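Report on the following structure.
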Amino acid sequence: MMSTHLLPLTAPLLGLSTKALEALCVHHGEPAFRGRQIAEWVYRKGCRDFAAMTNLPKSLRETLSQQASVANLKEVVRQRAQDGTTKLLFELADGERVETVFLPYKDRTTVCLSSQAGCAVGCTFCATGYGGLQRNLSPGEIVEQVVYCGSLGKVSNVVFMGMGEPLLNYEAVLTAIHLLNEEVGLGMRSLTVSTVGIVPKIRQLAGERLQITLALSLHAPDDQLRRQLIPTQHRYSVQELVEACRDYVQQTRRRVTFEYVLLSEVNDSPAQARQLAALLRNLRCFVNLIPFNPIHNGSGFRRPGAEGIQRFRKELEEAGITVTQREEKGQGIDAACGQLRRRMASPE
Ligand code: SF4
């Protein structure tokens, strides 16, 4: 029978591996397999209530209910677009807020999650960047966003593309990747980490030799423009970033995705497309074009017209670059990163 002395636990159980849950159970006088049962409920069944974990003894359920918690995200706002895209605003235990987006496509269902509350990077076209960084999320807070979205539909892919710069919360993100793979059951190849380009961290991630996808938010083919768009990233040149990505490809054999937000009359000229193509020559990669989604309080940037987008795409393709274009989802809701949280903080 579980001892009543060693609980309460300071952190919720969601965030612990099966091994850690087993050890916890053994430590409290329960057999190790109880840990596996708890992991099954928490990660695969998305159960948030100990009372509903019916294959655990009643006494254990009661002790857990009194002294531990499963998870700690509280849904405070939900917006659902006609295409099924659902944006959730969660409140964390300390009152910080993060956004998660559930995106159903024809052939997959993706969760776009946050790795930090706020963000220190401050990209000029991003709503999250305006408020600065509040804090890093824990592995449990990251993984819980995916488990929670399981109630909206089966999740097949996860992108670390919501609020925050994942590689500036490296250890927690790495632990979350392992939990998503080993506990939630998502393949490594269905996980994508998107970064603005922290070169030493890209090299460290390459050394982990995981089969995840690396997406680099490039947004400009030259240092001067990139410095304007992503002000705190000036320490790494575009050339250094591309070299770090080359290292990632060599070590993992995975293609790198370069994200490029198209901003009218800023980075969308045919000459800039040619410059981008030259930069990425001979690199196993895709370029993912993202026509700008205007943020709520206005940043001064505009979205290029369909013709401009097509022209940019054609230049890249003619230079032999594989191009994808992000399918536009969530029309009518605040679907771009940080929009909902920002609007809830300062309603207009
Ligand atoms: S785009 Fe990403 S890295 Fe840039 S400010 Fe927004 S959340 Fe941070």
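Read the numbers this way: they start at 1 and go in the same order the structure lists the ligands and their atoms. By convention here, the first residue in the shown sequence is residue 1. Predicted model, so just to flag it, every value in this text is computed and none were measured.
Listed by first and then second residue, the ring-ring contact (aromatic ring centres under 6.0 Å, His included) pairs involving residues 150-177 amount to none (not counting sequence neighbours).
Among the backbone and side-chain atoms of C123, an N, O or S atom lies under 2.8 Å from atom 4 (Fe) of ligand 1.
Within 6.0 Å of the NZ atom in K45, the count of heavy atoms belonging to other residues, nucleotides or ligands exceeds 12.
Between L56 and R61, the shortest heavy-atom distance links the atoms O-NE, 2.9 Å.
For ligand 1, the atoms closer than 4.0 angstrom to any heavy atom of C119 are 3 (S), 5 (S), 7 (S), 8 (Fe). Heavy-atom contacts of V196 reach the following atoms of ligand 1: 3 (S) (cutoff under 4.0 Å).
Applying the ring pair (Phe, Tyr, Trp, His ring centres under 6.0 Å) test to F102 and every residue at least two apart in sequence or in another chain returns nothing.
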